[in-house]
Asks: 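Mind having a look at this structure? Questions to follow.
Proteins come first, then strands; the chains are lettered A, B, ... in the order of their sequence lines, and each starts at number 1.
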Amino acid sequence: MKDYLAARLRDVLADLDDVPEGFAPELETPANPEHGDLSTNTALRLASELDGSPRTIAEDLAERLREATDSARVASVEVAGPGFVNFRYAEKHLQRGLKAILAAGDQYGRTTGHVGERALVEYVSANPTGPLTVGHGRNAVLGDAIARLLEHVGYEVEREYYFNDAGRQMRVLGQSVQARYEALAARRRGETVPTKTVEGAGGEPREVPERFPENGYQGAYVTEIAEALLDDPAFREKIAEAENGGHAPFQQAAEERMFAEIDATLRKLGVEMDSHFNERALYADEGDRQGEHISIDEALGRLREAGYVYDEEGATWLETTRTGKDQDTVLVKSSGEPTYRLPDIAYHAGKFERGFDLMIDVFGADHIATYPDVLSALDILGYDTGRVDVVIYQFVTLVRGGEPVKMSTRRAEYETLDDLVAEVGRTVLETHGRAEGEDGAADGFSEEEITRAGADIVRFFFLMRSPSSHLEFDLDLAKEASEKNPVYYLQYAHTRIASILRKAEEVGFSFEQTGADGPDFSLLTHEAEQDLIKALLRFPDAVRQAADAREPHRVVTYLRAVANAFTQFYAHCHIIGEERPLATARMHLAKAAQTVLRNGLVELLGVDAPVRM
RNA sequence: GCGCCCGUAGCUCAGUGGACAGAGCAUCGGUCUUCUAAACCGGUGGCCGCAGGUUCGAAUCCUGCCGGGCGCGCCA
């Protein structure tokens with residue numbers, strides 16, 4: 001409808017003189033329903049150009065638009081306020097729209113604007129040095145939801161996880177595991193293990209084995225990995241045979257285990273990657289490189305050719321002062337090792353070579369300073385950086401009992417995503433169990449049930465805020481299995497519809513009891529019915545706007561409006577007890593509302609849409 | 001010092017340059033013998049951080065200040 005009116009508006013404007021070249025008319029849904037279903041400010045915007053009063057221009061536009069629009073779609077075109085032109089939908093249009101929603105079913109909400117385009121969404125991208133934290137959770141869920149949004153507007157989407165297992169961090173992890181392993185082995189042999197004291201969680205002193213590396217990873221998971229390895233005869237044998245005492249086998253084993261754990265954590269949250277990209281692939285020789293990747297040598301060579309690279313003090317620099325920064329940037333250290341920036345540049349150049357039309361990076365606020373360098377380099381290399389979109393999300397503060405929870409990975413002061421999901425899920429189920437009066441049920445939940453319940457809430461909490469907004473994750477609120485928890489409001493609306501339809505069929509109503517032309521939607525004249533249909537018809541546009549902005553929280557905002565409109569309908573319009581034609585029409589409307597809620601919750605937000613609660 | 005993000009109801013946050021600024025929670029009051037009360041209805045509560053500017057019109061755009069967060073390394 002918006003597209004239709006925009007087109008008519010352009011037609012009308014084409015007949016007017018003095019309309020500026022390229023003038024793009026705007027249509028919006030007024031906040032106040034008294035101002036119609038759609039509104040345009042065109043007359044106000046053109047007043048100075050056309051040299052007339054906004055009101056007069058608006059009257060003229062309205063007159064022409066009445067002629068130009070189909071009365072089966074537009075019921076009225078009115079001028080209001082300082083010069084707005086307001087449109088009201090024809091009932092016929094609502095009836096047709098409702099029919100279209102039902103026909104589209106679980107495809108409703110998808111649009112085709114970007115069909116034929118390919119998008120790469122890079123997210124999570126945490127090196128496997130430890131379990132995913134709450135912060136990674138926001139990244140993962142946000143990236144996943146953005147990928148879903150892009151798919152809904154037609155993109156073919158690839159989800160990629162970028163990591164580097166060759167750096168210092170991973171070496172330190174390997175050494176940390178090795179130190180724990182050797183200490184455990186010695187203890188099992190009855191030997192005393194020499195220890196030293198380092199700074200641990202909260203600045204408290206902490207005893208670690210003497211061979212524990214500087215800035216080693218103190219988390220319990222390191223010891224757990226060491227224990228598991230010690231209990232693995234094959235691994236013990238491997239260590240015994242190697243005899244060089246290096247950390248390499250420990251690092252490798254730790255990486256494998258961490259990745260398995262990370263994948264499991266992501267899967268719990270419904271996040272699945274299409275590909276993992278190891279930075280190591282960028283070091284491969286030219287002839288050896290996989291597919292269309294750009295190696296770091298090639299990227300550096302091309303930057304040098306472009307004249308933006310120089311050598312000084314043994315290091316290789318990129319002249320970022322020429323791209324608006326106040327410092328140049330080191331690409332290769334005097335040790336001969338590249339900084340992380342160079343592989344980043346090569347990796348992104350490779351994305352272009354792989355033929356993506358849109359490349360999205362999801363980064364935490366702590367990476368804010370690094371991506372401009374990458375974009376500058378891509379620009380120098382001749383790539384269209386307009387196709388790269390960096391989504392920066394602000395940090396998550398976990399609040400428990402009104403107090404913020406501090407987090408730091410290395411010193412083992414953190415809340416893992418797994419813990420968060422489990423804590424939330426368990427508490428919610430226990431509370432729910434009590435609410436249902438199922439005494440003793442508290443202990444009876446499977447890990448799977450806990451995960452499902454927790455994952456829905458965690459996903460929803462991460463998605464309900466704008467990425468640019470600091471996110472306060474209130475554990476106490478998340479754990480409330482009550483009306484306080486916003487995710488239930490949407491799920492409950494969906495459940496309620498399922499319940500109504502179930503009940504209606506039980507007492508003999510049916511979707512099939514319609515005339516030859518299907519249900520008679522012209523019977524849906526109640527204000528609550530009309531408002532609900534209008535809300536449902538906005539869905540594709542809401543999805544499009546959320547996708548364009550890369551902001552999944554807009555979907556949440558929209559779905560709340562739908563749930564609210566449905567609740568009004570529920571309160572005022574019954575099914576059981578009504579004449580069959582009206583009851584049947586209402587069943588179809590309820591079904592359409594359920595479709596939108598389901599598609600939004602399940603397909604876009606990735607949370608469950610239960611039929612019973 | 002420089003860069004980016006944020007500052008909207010008591011709290012957590014929505015708010016595509018538009019027509020009287022919204023939601024949830026909290027608080028006060030009302031609603032279950034009719035399709036699920038995890039719900040609904042109503043009340044209280046705002047110099048949209050401050051000051052300028054652009055505009056017919058600014059919470060929204062620009063500038064400056066104030067306050068909070070994150071960065072600013074031959075760490076990632």
Asks: Any Lys/Arg nitrogen of A/R322 or A/E319 sitting under 4.0 Å from an Asp/Glu carboxylate oxygen of the other?
Replies: yes
Asks: With stacking defined as ring centroids separated by under 5.5 Å and planes differing by under 30°, is A/H367 stacked against B/rG71?
Replies: no
Asks: Answer yes when A/E449 and A/R452 have at least one side-chain N-carboxylate O distance shorter than 4.0 Å, and no when they do not.
Replies: no
Asks: Take nucleotides 56-64 of chain B nucleotide by nucleotide from the 5' end and write B, S or -, depending on whether a protein heavy atom sits under 4.0 Å from the base, only from the sugar-phosphate, or from neither.
Replies: B--------
Asks: Which nucleotide, in any strand shown, forms a Watson-Crick or G-U wobble pair with B/rC4, with both distances under 3.5 Å?
Replies: B/rG69
Asks: Tell me: OH of A/Y488 to P of B/rG24, nearest whole Å?
Replies: 18 Å
Asks: Expressed in angstrom and rounded to an integer, what is the separation of A/Q568 atom CD from B/rA23 atom P?
Replies: 12 Å
Asks: Over how many whole Å does the gap from A/N139 atom CG to B/rA76 atom P extend?
Replies: 19 Å
Asks: Could you go step by step and tell me if A/R586 and A/E529 meet the salt bridge (charged side-chain N to carboxylate O under 4.0 Å, His left out) rule?
Replies: CA-CA 8 Å; A/R586 284 180 174 169; A/E529 292 167 331; 2.5 Å; yes
Asks: According to a strict under-4.0 Å criterion, is A/K333 in side-chain N/O contact with OP1 or OP2 of B/rA76?
Replies: yes
Asks: Side-chain N or O of A/S469 less than 4.0 angstrom from OP1 or OP2 on B/rA14?
Replies: yes
Asks: What integer distance in Å separates A/R168:CZ from B/rC75:C1'?
Replies: 6 Å
Asks: For B/rC32, does the glycosidic angle fall within 90° of 0 (syn) or outside that (anti)?
Replies: syn
Asks: State the pairing partner of B/rG52; accept Watson-Crick or G-U wobble contacts with both distances under 3.5 Å, and report none otherwise.
Replies: B/rC62
Asks: Can you tell me whether the side chain of A/S334 and the base of B/rC74 have a donor-acceptor pair closer than 3.5 Å?
Replies: yes
Asks: Thinking salt bridges, do A/R45 and A/E26 make one under a 4.0 Å N-O criterion?
Replies: yes
Asks: Rounded to the nearest Å, what distance is computed from the CZ atom of residue A/R560 to the P atom of nucleotide B/rA38?
Replies: 18 Å
Asks: Spell out yes or no: do the side chain of A/D366 and the base of B/rA76 have one donor N/O and one acceptor N/O closer than 3.5 Å?
Replies: no
Asks: For B/rG15, take OP1 and OP2 only and decide whether either is under 4.0 Å from a side-chain N or O of A/H553.
Replies: yes
Asks: Under 4.0 Å from OP1 or OP2 of B/rC25: is there any side-chain N or O of A/Y489 that close?
Replies: no
Asks: Rounded to whole angstrom units, what separation is found between the CD atom of A/E279 and the P atom of B/rA76?
Replies: 9 Å
Asks: Could you please name the partner base of B/rA23, counting Watson-Crick and G-U wobble pairs only when both distances are under 3.5 Å?
Replies: B/rU12
Asks: Does A/E579 have more than 12 heavy atoms from other residues, nucleotides or ligands lying within 6.0 Å of its CD?
Replies: no
Asks: Name the closest nucleotide to the A/E472 side chain, picking from B/rC70, B/rC2, B/rC13.
Replies: B/rC13
Asks: State whether A/R400 and A/D476 are salt-bridged, where the test is any N-O pair (Lys NZ or Arg NE/NH1/NH2 against Asp/Glu carboxylate O) under 4.0 Å.
Replies: no
Asks: With a 4.0 Å cut-off on N to O distance, would you call A/D608 and A/R459 a salt bridge?
Replies: no
Asks: Going by modelled atom types, is there a donor-acceptor pair between the base of B/rC74 and the side chain of A/E313 at under 3.5 Å?
Replies: yes
Asks: Does the ring centre of A/Y162 sit less than 6.0 Å away from the ring centre of A/Y347?
Replies: yes
Asks: With distance as the sole criterion, do the side chain of A/T339 and the base of B/rA76 form a donor-acceptor contact below 3.5 Å?
Replies: no
